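Below: one structure, written as structure tokens.
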Amino acid sequence: MPKTIDGRNDLFDRLLAALPQTQCTKCSYPDCSAYAKAMAAGDAPHNQCPPGGQEGVARLAKILNKQTLELNPENGQERPRSVALIESKACIGCTLCIQACPVDAIVGASKQMHVILKDWCTGCDLCIPPCPVDCITMIPVTGNKTGWDAWTDDEAKLAKERYESRQKRLEREELDNTRRLAIKAQNKAKALDLESASNDAEKREIERKRAIIAAAMARAKEKLK
């Protein structure tokens, strides 16, 4: 978000820093950053973050110079922080939970048992819906402590760093895959030789395939810019 004269960028930074960085999407936005941007723009109320709890709502209200609201129950309830637990005997190693985890707190390989890094897990619950065998359970780990009493600023900072690190890794992997596909398409295009066609129908088919490959290569180049 570019800096503006009215301090909008500073407002975004302060709102983002006041969020617990669980990246749980319970606020109805794809991540904490998107929610902070929406609040800074005046497009979202400041009571949609269950992990932050009522104290989190108060923090956001103070930054926005607005009245403290009750946490919106439609976004969830304030609760003790939980950590995911995978039942080893039931896990089939599908990797869907690994793909869903926003902070890389799950390790494992295809068709092998997965393990939760407890110190990394933010309790976001995002690994539960994609699990095809329902082998993941959320275990409360903070007793009666909820919201920011169950989560520290240092933990939030680490969670934010791990989320951003994962996003950068996924971007690198996507670019690497795009490069591989572009090279593959280029090789296929070279193999399509019009002179090898024995009739007009074959020529049209080769030209059609060339057009498809050219369009795919154009999209790949656009991504690699």
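Computed over heavy atoms, backbone and side chain alike; hydrogens, waters and symmetry mates excluded. Because the structure is a prediction, the values reported are computed rather than measured.
Residues satisfying the side chain to side chain contact (heavy atoms under 4.5 Å, CB included) criterion with Asn72, sequence neighbours excluded, are Asn47, Glu74, Asn75. Not counting sequence neighbours, the partners of Tyr29 by the ring pair (Phe, Tyr, Trp, His ring centres under 6.0 Å) test are Tyr35. For Pro140, the side chain to side chain contact (heavy atoms under 4.5 Å, CB included) test picks out Pro80, Ser82, with sequence neighbours left out. With sequence neighbours excluded, the residues satisfying side chain to side chain contact (heavy atoms under 4.5 Å, CB included) with Leu85 are Ile139.
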Donor-acceptor contacts, no H, no angles, side chain residues 56-64, under 3.5 Å, sequence neighbours left out:
{"residue": "Arg59", "atom": "NE", "partner": "Glu55", "partner atom": "OE2", "Å": "3.4"}
{"residue": "Arg59", "atom": "NH1", "partner": "Asp153", "partner atom": "OD1", "Å": "3.3"}
{"residue": "Arg59", "atom": "NH2", "partner": "Glu55", "partner atom": "OE2", "Å": "3.1"}

Please list every donor-acceptor pair under 3.5 Å in which a side-chain atom of residues 141-148 meets a protein atom from a residue at least two apart or in another chain.
{"residue": "Thr142", "atom": "OG1", "partner": "Arg81", "partner atom": "N", "Å": "3.0"}
{"residue": "Thr142", "atom": "OG1", "partner": "Lys145", "partner atom": "O", "Å": "2.9"}
{"residue": "Thr146", "atom": "OG1", "partner": "Glu78", "partner atom": "OE2", "Å": "2.7"}

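We find the OG1-OH distance between Thr122 and Tyr163 to be 11.0 Å, quoted to the nearest 0.5 Å. With values rounded to the nearest 0.5 angstrom, Met39 atom CE is found 8.0 Å from Cys49 atom SG.
Residue Leu126 is not grouped with residue Trp120 when hydrophobic side chains (ILVMFWY) are merged at heavy-atom distances under 4.5 angstrom, including chains of intermediate members. Leu96 and Met138 end up in different hydrophobic clusters when Ile, Leu, Val, Met, Phe, Trp and Tyr side chains are linked at under 4.5 Å.
Looking at Thr95, its side chain never comes within 3.5 Å of a backbone N or O of Ile98 through a donor-acceptor pair.
Checked against Leu69 for a side-chain contact (heavy atoms from CB on, under 4.5 Å), the options Gln54, His46, Gln48 give a single hit: His46.
The two residues Pro30 and Thr25 come nearest to each other via the heavy atoms O-CG2, 3.4 Å.
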Does the pair His114 and Cys91 meet the rule for a side chain to side chain contact (heavy atoms under 4.5 Å, CB included), with working shown? CA-CA 7 Å; His114 302 337; Cys91 178; 4.2 Å; yes
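The pair Lys168-Glu164 does not meet the salt-bridge criterion, since no charged nitrogen lies less than 4.0 angstrom from a carboxylate oxygen.
In the displayed structure, Glu70 atom CD is contacted under 6.0 Å by at most 12 heavy atoms of other residues, nucleotides or ligands.
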